[in-house]
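Below is one structure, written out as structure tokens, with a few remarks after it.
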There are 2 protein chains.
Amino acid sequence: MVRGGKRSGAGRPRGTGKFGESTVRIRVPEGKLSVVQALLESGDQYALPLFDGRISAGFPSPTDDYSEGKLDLNHHLIHRPATTFFVRVSGDSMIGAGIHQDDLLVVDRSLSPKHQDVVIAVVDSELTVKRLSRKSGSVALMPENPVYAPLEITADMAFEIWGVVTSVIHQFR
Amino acid sequence: MVRGGKRSGAGRPRGTGKFGESTVRIRVPEGKLSVVQALLESGDQYALPLFDGRISAGFPSPTDDYSEGKLDLNHHLIHRPATTFFVRVSGDSMIGAGIHQDDLLVVDRSLSPKHQDVVIAVVDSELTVKRLSRKSGSVALMPENPVYAPLEITADMAFEIWGVVTSVIHQFR
DNA sequence: ACTTTTGATTTCTGTCCCGATAATCTAACT
DNA sequence: AGTTAGATTATCGGGACAGAAATCAAAAGT
């Protein structure tokens, strides 16, 4: 007479809802509701497809499957958000390293500056970006532009390294 | 005898809770609970301070107030997420434009390619990044490296522009 | 008269409950 | 064997509730 009956495995399976997973109820301020819902419904809006320029056979299309995977700029370029900041470049003393006027630098304060690192330094109250040289016990800031001269750091200078430049971003449009 | 009494204005004011705003209840999948809570409690984790290299007086410190404001790379570099993708650079034909081997390009398909734009193009099944020239009715792809020659586009070529390069990102570390 | 205490009131937050809906299983039926 | 219908269990969103928090106003204290 009875259909079914109490048994394991019966009923709606878990994780068959909208999110494919069990859910928790939380309170969200009204102002941030839209961004949270966007995060939930469409995943990370800024995880965008990455193409490898080396693979160019077969006339691929941007609408194809993205076998190279997806990339989020923030995650890719910023490893420690708490110790990272940006600097807008002034001057052309590092043009040989691909750092141009008005470029944006990503700087991490938590990295220990090593020989040949590009660093943000303050020398006598002046903010500069240079390549750090630690050769033979002396410290020097090396520009990458023949117009400028290397700057040897001496004990009487107010010298501080703010951080190590991890990336440079140049905008065309 | 009665203290207080029914009246308007009494009671806890609205918006005095944890979020300073009225809240709504939503369901969040367990797996995304931590990221949603991080978004709510600490704001945008990737909105980082921006310094202007031109302002260098007074020996500022990264721990000072950030009068230049905060910047989010995704918002700053990606205006239309739906039509934007990344390309990893292969080759050195655009080194004069600051585009090096293994750099990351941000490409927007929704921008109409104009004269002198840096574009991602497919010519005869080959993916290239070049500066677009539309002078005098003809179309050409101009490298920025004297080792390479300009490529004039003729009618018999399979030619397609994938998008306009809006930024180039070079990583040091 | 001024300050402090105390109860009343109202809102916030997290949790529980519940009905409607949805998805699956098993028995009954064709 | 294939279909149908009841049983079972999970999801989803709304209502409700207890405890905490914040404010008001009267009462009590100085």
Side-chain angles (χ1 to χ4, degrees), chain A residues 1-50 63-67 69-75 78-85, chain B residues 1-50 63-67 69-76 78 80-85:
Chain A
M1 283 300 174
V2 284
R3 302 163 194 264
K6 199 163 190 172
R7 72 210 105 91
S8 63
R12 180 177 184 166
R14 284 177 201 169
T16 57
K18 191 189 302 180
F19 299 109
E21 195 182 354
S22 292
T23 59
V24 184
R25 297 187 80 170
I26 62 172
R27 285 185 192 272
V28 170
E30 287 174 350
K32 288 185 175 173
L33 178 61
S34 59
V35 298
V36 172
Q37 283 179 334
L39 173 67
L40 292 177
E41 287 168 18
S42 53
D44 190 342
Q45 192 183 3
Y46 288 99
L48 303 179
L50 168 65
T63 56
D64 284 354
D65 276 344
Y66 306 118
S67 57
K70 284 172 173 276
L71 193 70
D72 184 305
L73 277 188
N74 281 338
H75 292 119
I78 301 171
H79 303 111
R80 297 195 53 183
T83 60
T84 301
F85 60 94
Chain B
M1 282 302 174
V2 285
R3 302 164 195 264
K6 199 165 190 171
R7 72 213 102 94
S8 64
R12 180 177 184 167
R14 287 174 198 174
T16 57
K18 189 191 303 180
F19 300 110
E21 195 182 354
S22 292
T23 60
V24 288
R25 289 179 316 167
I26 61 171
R27 283 185 193 270
V28 170
E30 286 174 352
K32 289 185 175 172
L33 178 61
S34 58
V35 297
V36 170
Q37 285 178 334
L39 173 67
L40 293 177
E41 286 168 19
S42 53
D44 191 343
Q45 194 183 3
Y46 288 99
L48 302 179
L50 168 64
T63 56
D64 284 354
D65 276 345
Y66 306 117
S67 56
K70 284 172 173 275
L71 194 69
D72 185 304
L73 277 188
N74 280 339
H75 292 119
H76 187 66
I78 301 170
R80 298 195 53 183
T83 60
T84 301
F85 60 93

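Here is the naming used below: chain letters follow the sequence lines, and residue numbers restart at 1 for every chain.
Rounded to a whole Å, the CD atom of Glu21(A) is 16 Å from the P atom of dA10(D). Atom NZ in Lys18(A) sits about 16 Å away from atom C1' in dA23(C), given to the nearest Å. What separates CZ of Phe19(B) from P of dA22(D) is a distance of 15 Å, to the nearest Å. Atoms CD1 (Ile26(A)) and C1' (dC12(D)) sit 15 Å apart, rounded to a whole Å. In this structure, the NZ atom of Lys6(A) is 17 Å from the P atom of dA27(C), given to the nearest Å. The separation between Arg7(A) atom CZ and dT9(D) atom P is 7 Å, rounded to whole Å. The distance from atom CZ of Arg12(A) to atom C1' of dC12(D) is 8 Å, rounded to the nearest whole Å.
Of the side-chain N and O atoms in Ser22(A), one or more sit less than 4.0 angstrom from OP1 or OP2 of dT11(D). For Thr23(B) and dT13(C), the shortest distance from a side-chain N or O to OP1 or OP2 is below 4.0 Å.
With a 4.5 Å cut-off on side-chain heavy atoms, Leu40(B) and Val36(B) count as touching.
Distance check, rounded to the nearest 0.5 Å: CG of Leu50(A) to NZ of Lys70(A) gives 11.0 Å. Interatomic distance, OH of Tyr46(A) versus CD1 of Ile78(B), reported as 7.0 Å (0.5 Å rounding). Residue Arg27(A) holds its CZ atom at 6.0 Å from CZ of Arg25(B), rounded to the nearest 0.5 Å.
Nearer the 5' end of DNA chain C, as judged by each residue's closest nucleotide, is the contact made by Gly11(B), out of Gly15(B) and Gly11(B). Residue Arg25(B) is the one, among Ser8(A) and Arg25(B), whose nearest nucleotide of DNA chain C lies closer to the 5' end (criterion: closest heavy atom).
Within the 4.0 angstrom heavy-atom criterion, base atoms lie near Arg27(A).
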